[in-house]
Structure formats: structure tokens, C-alpha cells
Student: 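Please find one structure pasted underneath; my questions will follow.
The shown structure was predicted, so the numbers you read here are calculated from the model rather than taken from an experiment. For the numbers below, each heavy atom of this structure counts, side chains included, while hydrogens, waters and symmetry mates do not.
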Amino acid sequence: MSGGLTPRGEETLVRLASWMPYAPARELLKDLVGIQVSQATARRLTLGAGEAALAVCAGEVERLKQEVPQAPAGADQQLLSADGAFVHLVGGEWAEVKTLLMGEVTRNKRGEVCTQRISCFSRLSRAERFAEAALVETHRRGLERAAAVCAVQDGAEWLQGLVDYHRADAVRILDFAHAAAYLNEIGQAVQAAGGRLPALWLDGVLHRLKHLGPHRVLKHLGWLAARYPSPTIQENLAYVQKREAHMQYPTYQAAGWPIGSGSVESANKLVVEARLKGAGMRWGRQNVNPMLVLRNAVCNRAWKQTWATSVAQRQALRTQRRQAQSQQRLDNALWFLVIWGVRVSRLAHPPVAAATATTAEALQKQPTARPGSGYSWRKPFLRRPPATPVATAEVCAKK
């Protein structure tokens, strides 16, 4: 908790900063509760709360992958839809934030198909990692226990992998507006090649596609491609032909499924672009997902639960950090005692072998004593021979 901010004030600040840039958030906090904080503090507290909530989600994903618990009961008919939106990163790079939208498919009072209780999940990650991370939301909504699931989205390849990971048996539907855009490009390419089409050609083709299916429409487009050869026509025609199985719109409508993905496109604007794509904004890659966690919390009306888990996670990290520091200090003290104990022991009890060797070396270095007078080479070289006993007797007789 920052100095001067109560826990309630910190929560208010972080919640405001998840809706608006840090500078307006700190100004609004001052107007509401009379507490002034710097923009750097608002940024630090907001991203710190987001990082803690992100760590909780990552831990939950690992738990779900290892334990594979049964999902809670959810709606019988559910919608699964995903799309991407680009945000500007520091350094000029643009990165795609992927958003998963889920909801319950039902009918309103007029009998029209609609989607209710919508929730979103957004992350900046590769397609494979995104599919795993979204397990938190799909498990919470009980997707695996739903009786039937439809996946309405565009034709991107990573979206098919997402559906395969969570519900491979889902009814896959190519977004009708997305298909209409490809048919419109074919019509414009035909006219650019010199072909003449009726003024209401596109309306007629889309009406036939929506109510009669893609067979006759694709046959007609193939005839146009053969008569007006063009790379653009061939490319767009190949795209829709590859996805013919996902364009059975009469069947989908009869089964009560939606055929448009406008809800996930709206989610991109509300969840991602409204906060991360403002004028002049540049985001560090490491800061995108912490903010997206908070954006999901406020947009899914799950703020209280997300904030509680974030606070608990940060408290646990602080406790672990203090314990690690205490253990480090204890280890340092023990090593200090061990080292000084060894030193004192060496000073009090010097090794015997070392002393003997030192004495021997000292004796070897002592100078050799000079020989005494009795040594052989100190005696005279010429000396008188000793007198014999016979000579001594003669001397005595003469006397």
C-alpha cells in the first residue's frame, strides 16, 4: 500500500486507472476522496495489481491442466467467438491482442436469437498460449458441460485451433458479414475487369446465401471467375470455397444459432481499444496483460473477486519475501559464527606437524659453528717429534 492511501483508496485508484489513463485517474481520485498521488504511483499500483491477478490466473490454469476437475454447470446452449485487435507497443511495433467472447444463446420475447450473459477474456500471446490461458474462462462458464456450442468467427486459422482445444464438436459458423465482404470484393473485381453486374447484384447474392445456402452462390461465382480471370477473384473465391461447410446459414438459423460475430467485435472496442488504444499511447509488452486482466474484471462485472485474489496474492508474495530475507540473514549469521569459530580454534591450538616442520626449517637455516682448536687442520703443520724413552735415559746418565 502506498503512503497516504488506504486500502479502499488504492482499490478506487486502480479501478479508475483500468477505465482511463493514469493522469485523469489520479485527478479524479483527488476530486472524489481528496487524496493526491503522482502519476507514477498510479501506474505502479495499477500494474502491480494487474500482475498479481495475472499470476493467480496462470496458477489456476496449471491447476486445471493437472487436476482436470469437472466444470460447473452452465447454460445448455453457449456461444464461443474470438477475434483480434492490434495495440501499439513501445518501439513502433503493433501486436495483436486476442479476445474470447462467451455467452448463452437464447431467444428474446419476439423469438429472435440473441446472446446473453456475455463475458470476455483477453490476452497478448501466441495462439497456442492463448488457448491454454482461456481455459480459466471456459471452465468458469461450464463450456465443456454445455449440451451444444456454436463458434461464430472469421476464417483465421488460429481460431480453428482455439475451437479444437475447447470444444472440437462445436458448430463452426463463418461470420456472415465476413463472407459478405469477400463476395463484395469479387463483385468489384468483376466490374474492374469489364464485367457488368446488376445494381442489386450483391443484395441478391447475399439473400440467396442466407436463405438457400452456399451451393448456388459458389457455382455462380465460379462462372464469373472463369469469364473474368483475375487473381483477386481467384483468391477470394478460393477462400469462400474452402469454408463452404461453415456457410450453411439456413441450417444454423433453423437450429437457433446466431450467424454474426458482431458481439466479439464490440468486445474488442470495449475491452481492448477503449483503454489500450488511445491517442499517442505506447505500451510496454510486459504491461499489456496486467491491464487486460483488470479490463476483463471490470467489463465482466467480476471486480470484487479479481481484486480480492490480487490483494491475497500480493500479501503472499510479501510474506514469502520477508521469510526469504529472514532466512538469508540467519544463514549469514551462522556462516559468520562458523568462520570465526574455526579461526579462534586455529589460534588456540596450532597444528603440531606444522610447528615441527617450522623448527626443522629454522635449524637448517642456522649457520654452522666454526671448528675448535682441536680440529685437525687447526694444528701446526711442522712440529717437533716427541722424545723417545731411550734418549731420555742417556741424558740422565750424562748428568
Student: List the steps and the verdict of side-chain hydrogen bond (donor to acceptor under 3.5 Å, both in side chains) for S122 and R295.
Tutor: CA-CA 9 Å; S122 304; R295 291 296 298 163; over 6 Å; no
Student: Does R301 have more than 12 heavy atoms from other residues, nucleotides or ligands lying within 6.0 Å of its CZ?
Tutor: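 No, CZ of R301 has 12 or fewer neighbouring heavy atoms, counting only those of other groups under 6.0 Å.
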Student: With rounding to the nearest 0.5 Å, note down the distance linking CG in L209 to CZ in R216.
Tutor: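 That separation rounds to 12.5 Å.
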Student: Mark yes when over 12 heavy atoms from residues, nucleotides or ligands other than Q191 sit less than 6.0 Å from its CD; otherwise mark no.
Tutor: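 Yes, enclosed.
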Student: Using every non-hydrogen atom in the two residues, find where K98 and S125 come nearest and quote the distance to one decimal.
Tutor: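 Where K98 meets S125 most closely, the heavy atoms are NZ-O, 3.0 Å.
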Student: Go through it in stages, so that I can follow the logic: the residues are T138 and F121, the test is side-chain contact (heavy atoms from CB on, under 4.5 Å), and I'd like the CA-CA distance, side-chain angles, deciding distance and then a yes or no.
Tutor: CA-CA 9 Å; T138 58; F121 179 87; over 6 Å; no
Student: Side-chain heavy atoms under 4.5 angstrom apart, residues restricted to Ile, Leu, Val, Met, Phe, Trp, Tyr: same cluster for M281 and L124?
Tutor: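 Yes, one cluster joins them.
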Student: Same cluster or not: are V293 and L100 linked, directly or through other Ile, Leu, Val, Met, Phe, Trp or Tyr residues, by side-chain heavy atoms under 4.5 angstrom apart?
Tutor: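 No: no chain of side-chain contacts under 4.5 Å links V293 to L100.
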Student: Under a 4.5 Å cut-off applied to non-hydrogen side-chain atoms, are E51 and S310 in contact?
Tutor: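 No, their side chains stay 4.5 Å or more apart.
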Student: Does M20 share a hydrophobic cluster with W303, counting links as ILVMFWY side-chain heavy atoms below 4.5 Å and allowing steps through other members?
Tutor: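 Looking at the clustering, W303 is in the same group as M20.
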Student: Rounded to the nearest 0.5 Å, what separation is found between the CZ atom of R141 and the CD atom of Q78?
Tutor: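 It is 6.0 Å, given to the nearest 0.5 Å.
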Student: Please lay out, stage by stage, how L224 and I233 fare under the test side-chain contact (heavy atoms from CB on, under 4.5 Å).
Tutor: CA-CA 8 Å; L224 291 176; I233 297 177; 5.7 Å; no
Student: Rounded to the nearest 0.5 Å, what separation is found between the CG atom of L45 and the CD atom of E11?
Tutor: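 If we round to the nearest 0.5 Å, L45:CG and E11:CD are 12.5 Å apart.
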Student: Within this structure, what is the CD-CD distance for the pair Q253 and Q248, rounded to the nearest 0.5 Å?
Tutor: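 Taking CD in Q253 and CD in Q248, the distance rounds to 12.0 Å.
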Student: For a 4.5 angstrom cut-off between non-hydrogen side-chain atoms, does S263 reach T115?
Tutor: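 The answer is no, as the side chains (C-beta and beyond) never meet within the 4.5 Å cut-off.
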Student: Does the ring of W307 carry R314 above it, NZ/CZ under 6.0 angstrom from centre and within 45° of its axis?
Tutor: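 Verdict for W307: a cation-pi partner in R314.
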Student: Between E60 and R63 (salt bridge meaning N to carboxylate O under 4.0 Å), is one present in this structure?
Tutor: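 Between R63 and E60 there is a salt bridge, with a charged N closer than 4.0 Å to a carboxylate O.
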Student: Would you find a donor on one side and an acceptor on the other, under 3.5 Å apart, between the side chain of N300 and the backbone of S119?
Tutor: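 Checking the backbone N and O of S119 against the side chain of N300, no donor-acceptor pair under 3.5 Å is found.
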Student: Output yes when a side-chain donor or acceptor of S81 lies under 3.5 Å from a complementary backbone atom of V152, and no otherwise.
Tutor: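 Yes, S81 side chain to V152 backbone: donor-acceptor pair under 3.5 Å.
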Student: Report yes or no: is the cationic atom of R243 (NZ for Lys, CZ for Arg) closer than 6.0 Å to the six-membered ring centre of Y239, at no more than 45° off its axis?
Tutor: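 Positive - R243 is close enough to the ring of Y239 and near enough to its axis.
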Student: Does any non-hydrogen side-chain atom of L16 lie less than 4.5 Å from one of L32?
Tutor: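 A side-chain contact exists here, since the closest heavy-atom pair is under 4.5 Å.
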Student: What do you reckon, is CH2 of W94 surrounded by more than 12 foreign heavy atoms closer than 6.0 Å?
Tutor: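 It does: W94 CH2 has more than 12 such atoms within range.
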Student: Between H166 and M102, is any pair of side-chain heavy atoms under 4.5 Å apart?
Tutor: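 Not in contact.
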Student: May I have the step-by-step check of side-chain hydrogen bond (donor to acceptor under 3.5 Å, both in side chains) for Q327 and D331, ending in yes or no?
Tutor: CA-CA 6 Å; Q327 185 64 36; D331 293 342; 3.1 Å; yes
Student: Check the pair V33, T6 against side-chain contact (heavy atoms from CB on, under 4.5 Å), reporting the backbone distance first and the verdict last.
Tutor: CA-CA 11 Å; V33 298; T6 63; over 6 Å; no
Student: Give a yes/no verdict on a cation-pi contact between R275 and Y22, requiring under 6.0 Å between NZ or CZ and the six-membered ring centre and an angle within 45° of the axis.
Tutor: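 Yes, cation above the ring, under 6.0 Å and within 45°.
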Student: Indicate the atoms forming the closest heavy-atom contact of G155 with L174, along with that distance.
Tutor: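 It is N-CD1, 3.7 Å.
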Student: Once you round to the nearest 0.5 Å, how far does NE2 of H88 lie from CG of L276?
Tutor: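 If I round to the nearest 0.5 Å, the distance is 13.0 Å.
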Student: Excluding sequence neighbours, so at least two apart, what forms side-chain hydrogen bond (donor to acceptor under 3.5 Å, both in side chains) with D169?
Tutor: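 Only R167 meet the side-chain hydrogen bond (donor to acceptor under 3.5 Å, both in side chains) criterion with D169.
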Student: Could you tell me how the ring of W158 sits relative to the ring of F130: parallel (under 30°), tilted (30 to 60°) or perpendicular (over 60°)?
Tutor: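 Ring orientation of W158 relative to F130: perpendicular.
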Student: Are V136 and V68 connected in the hydrophobic side-chain network, where two residues link if heavy atoms are under 4.5 Å apart?
Tutor: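 No, it is not one cluster - the side chains of V136 and V68 are not joined through contacts under 4.5 Å.
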Student: Supply the atom-to-atom distance E132 CD to R123 CZ, rounded to the nearest 0.5 angstrom.
Tutor: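 Reported to 0.5 Å precision, the distance equals 13.0 Å.
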Student: Is Y252 reachable from L101 through a run of hydrophobic residues whose side-chain heavy atoms are each under 4.5 Å from the next?
Tutor: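 L101 clusters together with Y252.
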Student: Inspect the surroundings of CD in E235 and state if more than 12 heavy atoms from other residues, nucleotides or ligands are less than 6.0 Å away.
Tutor: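 Open.
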Student: Could you report the tightest heavy-atom contact between L29 and G9, atom names first, then the distance?
Tutor: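 So the two residues come closest at CD1-O, 4.0 Å.
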Student: Please report the shortest heavy-atom distance between L197 and G187, naming the atom on each side.
Tutor: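 Closest approach of L197 to G187, heavy atoms only: CD1-O, 3.7 Å.
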Student: Is D164 salt-bridged to R172, going by a charged N under 4.0 Å from an acidic O?
Tutor: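 Looking at D164 and R172, the cut-off is met.
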Student: Got a donor-acceptor contact below 3.5 angstrom from the T306 side chain to the A302 backbone?
Tutor: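 Between the backbone of A302 and the side chain of T306 there is a qualifying donor-acceptor contact (under 3.5 Å).
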Student: Without swapping roles, check the side chain of N236 against the backbone of I186 for a donor-acceptor pair under 3.5 Å.
Tutor: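 Here the side-chain-to-backbone pair does not exist.
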Student: Given salt bridge (Lys or Arg N to Asp or Glu O under 4.0 Å), test R140 with E137 step by step and report yes or no.
Tutor: CA-CA 5 Å; R140 186 183 72 86; E137 184 64 18; 2.6 Å; yes
Student: I'd like to know if the side chain of S345 reaches the main chain of G341, judged simply by a donor and an acceptor atom lying under 3.5 Å from each other, with no hydrogens or angles considered.
Tutor: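 No: the side chain of S345 does not pair with the backbone of G341.
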Student: Could you give me the CA-CA distance, side-chain angles and deciding distance for D83 and T99, then say whether side-chain contact (heavy atoms from CB on, under 4.5 Å) is met?
Tutor: CA-CA 6 Å; D83 199 5; T99 297; 5.9 Å; no
Student: Please name the pair of heavy atoms, one in D175 and one in G260, separated by the smallest distance, quoted to 0.1 Å.
Tutor: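 Taking every non-hydrogen atom into account, OD1-CA, 3.2 Å.
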Student: Looking only at non-hydrogen atoms, find the nearest pair between G256 and V105 and report the distance.
Tutor: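 Shortest heavy-atom separation between G256 and V105 comes out as O-CG1, 3.4 Å.
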Student: Contact between Y249 and I173 at the side-chain level, heavy atoms closer than 4.5 Å - yes or no?
Tutor: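 A side-chain contact exists here, since the closest heavy-atom pair is under 4.5 Å.
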Student: Spell out, as yes or no, whether a donor-acceptor pair under 3.5 Å connects the side chain of H178 to the backbone of Q153.
Tutor: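 No, because the side chain of H178 does not come within donor-acceptor range (under 3.5 Å) of the backbone of Q153.
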